[in-house]
Amino acid sequence: MSAHAARAVTLRDASGADDPLPPVRLSVARLTAAFHGRPAVRDVSLALRDRRVTAVIGPSGCGKSTFLRCLNRMHETVAGATVEGRITLDGEDIYGAQVDATSVRKRIGMVFQRPTPFPTLSIRDNVAAGLKVVRDGGASRGGADQIVERAMRRAAIWDELKDRLAASPMGLSGGQQQRLCIARALATEPQVLLLDEPTASLDPVSTLKVEELVHELRRQMAVIIVTHNMQQAARVSDETAFFLQGEMIELTPTRQLFTAPTDPRTESYITGRFG
Amino acid sequence: MSAPATLPPAEVPPVEVSRPTARQRATARRTAATIRRRRLVNGFMVGLLVLAAVLATLPLVLILFHLLRSGASSVTLAFFTQLPKPVGESGGGMANAILGTLILVSLGCLFGLPIGIGAGLFLVERNGTRLATTVRFLADVLNGLPSIVLAIFAWNLLVRSVGHFSALAGGVALGAMMVPMVTRTTEEMVRLVPPALREAALALGYSRARTSLTIVLRTAMAGIVTGALVAIARVAGETAPLLFTAFGNQFASTALDRPIAALPLQIYTYAVSPYDEWHAQAWAGALVLIVLVLAISVTARTVTRNKFDARGGE
């Protein structure tokens with residue numbers, strides 16, 4: 001246990017950040033996640049700070065997506081999935097007996113690899129979809145409209161789409177759809193945003209826009225981004241975690257990981273010797 | 001940026017135009033023959049397909065044509081507003097049967113749609129469990145069951161126990177027919193909803209029930225409506241399930257615990273009667289039945305149409 005605790009504490013802020021070290025938002029201790037008894041994530045411990053971007057990299061099947069899905073309790077929605085260990089959000093155990101998975105997901109937003117706008121809802125209603133479950137019947141229509149506009153501005157699609165709010169999201173480009181999904185996740189004001197390969201299905205221009213967005217969001221919340229693209233991890237993140245075969249090999253300030261990785265396996269991966 | 005260096009003019013290799021060799025000419029001839037043969041086979045096969053398509057739709061066209069010719073003249077205002085007249089008197093209509101069919105089909109929907117849609121959702125949500133497999137199998141069996149058998153079920157349940165025929169029993173018989181059809185189409189349509197949409201809703205903090213009942217069901221709605229309409233169209237024309245449940249009624253009854261008229265029953269009674277007057281009315285009844293089903297379809301589609309006219313989950 002002490003070794004893991006030590007690893008979690010050794011995180012240092014080397015991103016040249018402008019503010020003093022922000023508090024830990026999400027803390028993961030000895031997380032093991034399995035499908036039908038076969039572990040996909042093994043004994044991972046780490047701490048994720050507020051107003052920081054953490055990238056998770058690793059070869060396919062290394063457990064990085066499973067790890068991400070444990071953080072908002074999406075992992076358990078799959079049949080045969082089990083979780084062990086402890087994850088706390090602002091000190092509260094999100095797997096606690098009294099904690100409802102939906103309340104965790106309201107506080108930790110998630111965006112997936114492929115854009116997933118709801119096809120039967122308008123652009124506006126897509127962004128407002130999460131509000132329905134966050135504040136039951138409390139928000140007035142006008143209040144919701146303000147929240148929608150704010151979320152769409154934060155996701156940098158307001159100017160493009162403000163005249164098409166009543167239209168179907170299915171007519172949008174892939175990049176616009178993905179930013180719409182980010183707006184939808186932001187509308188409920190989550191404290192943490194999880195991005196699961198958010199640009200894997202986007203063209204380079206849309207990718208750039210999403211990356212700029214991540215940079216903006218970093219001012220307000222903790223962002224964790226799983227990516228296959230090492231350049232992307234290097235561009236957007238403060239810290240990078242390297243996963244291999246379900247284990248976290250290291251979590252280091254991004255610049256250090258890509259210039260002087262601690263572990264030889266990390267070096268092999270980032271220099272393209274495997275994966 | 002510096003001015004681009006001028007490129008040397010591209011050298012175009014000279015094209016040699018020579019007379020085709022004997023071998024090339026032979027190849028060209030063979031190619032031409034092959035193309036001719038393919039065109040011929042293609043034309044033949046397309047012809048067969050067109051013939052099959054025409055034959056498939058021919059009965060429908062013939063029925064419609066015949067109905068219009070034999071029944072259209074009897075479809076008057078009186079047909080919709082008046083009750084049947086006794087034998088020997090001319091005129092009269094089928095107002096009671098039209099009303100009865102609307103009531104019976106509504107009752108069928110009331111029982112059949114919630115159960116069918118619910119069961120379809122269940123089959124997807126609990127896919128792979130023993131209960132789901134059993135339910136799916138039984139739905140298929142029920143689908144293949146003769147409708148007269150379903151009538152016996154409804155008769156035993158709601159007629160024999162009470163001692164008299166009723167609209168309710170007819171509605172239950174029709175509903176029982178609709179259940180398996182609606183169940184299977186709902187299942188198919190819900191299965192087409194991308195799992196990613198479900199995940200997206202869950203990740204927003206939607207509960208599992210809310211995800212299924214709003215996002216998933218709404219996305220699949222266009223397909224489910226189509227399935228429900230097919231079921232409605234089928235049961236609206238059913239005679240067998242109503243023979244000894246709804247029984248028929250010469251008067252315009254709206255009481256659910258009393259016998260009630262229905263278009264198919266009335267058509268049957270009139271068609272097997274020896275009176276020409278009644279035969280004409282039976283033709284008119286058949287025409288009205290078809291138009292009624294068409295009207296229900298168009299209305300339901302218009303009401304439930306997705307405002308974006310999105311087709312399923314695409």
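Residue numbers begin at 1 in each chain, while the letters A, B, ... track the order of the sequences.
- When all heavy atoms of A:M110 and B:A203 are compared, the closest pair comes out as CB-CB, 4.0 Å.
- With a 4.5 angstrom heavy-atom cutoff, A:P117 touches chain B only via backbone atoms.
- For CZ of B:R126, the number of neighbouring non-hydrogen atoms (other residues, nucleotides, ligands) closer than 6.0 Å is 12 at most.
- Within the 4.5 angstrom heavy-atom criterion, no atom of A:L194 approaches chain B.
- With a 4.5 angstrom heavy-atom cutoff, A:R73 does not touch chain B via any of its atoms.
- Within the 4.5 Å cutoff, no side-chain heavy atoms of A:T116 are placed close to those of B:P194.
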Exercise answer: donor-acceptor pairs, residues 91-98 of chain A side-chain atoms, under 3.5 Å, sequence neighbours excluded:
from: A:E92; atom 1: OE1; to: A:R107; atom 2: NH1; distance (Å): 3.1
from: A:D93; atom 1: OD1; to: A:Y95; atom 2: N; distance (Å): 2.9
from: A:Y95; atom 1: OH; to: A:C70; atom 2: O; distance (Å): 2.8

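- A distance of 9.5 Å separates OG1 in A:T102 from CG in B:L202, rounded to the nearest 0.5 Å.
- Note on B:E199 versus A:R69: salt bridge recorded, some NZ/NE/NH1/NH2 to OD/OE distance being below 4.0 Å.
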| task | Tell me, with the steps shown, if A:T77 and B:R208 meet side-chain contact (heavy atoms from CB on, under 4.5 Å). | result | CA-CA 9 Å; A:T77 61; B:R208 196 171 161 174; over 6 Å; no
| Chi angles and distances behind the side-chain contact (heavy atoms from CB on, under 4.5 Å) call for B:L204, A:F118 | CA-CA 12 Å; B:L204 276 178; A:F118 300 132; 4.0 Å; yes
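- Here the side chain of B:Y206 pairs no donor or acceptor atom with the backbone of A:G130 at under 3.5 angstrom.
- The neighbour count for A:R114 CZ, taken as heavy atoms of other residues, nucleotides or ligands under 6.0 Å away, does not exceed 12.
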| said: What verdict does the side-chain contact (heavy atoms from CB on, under 4.5 Å) test give for B:R210 and A:K132, after you've listed the backbone C-alpha separation in whole Å, the side-chain angles of each residue and the deciding distance to 0.1 Å? | reply: CA-CA 11 Å; B:R210 192 168 182 146; A:K132 285 183 186 153; 3.8 Å; yes
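- Across every non-hydrogen atom of B:A200 and A:F112, the tightest pair is CA-CE1, 3.7 Å.
- B:T133 pairs by the side chain to side chain contact (heavy atoms under 4.5 Å, CB included) definition with nothing, not counting sequence neighbours.
- There is no contact between A:T188 and chain B, counting heavy-atom distances below 4.5 Å.
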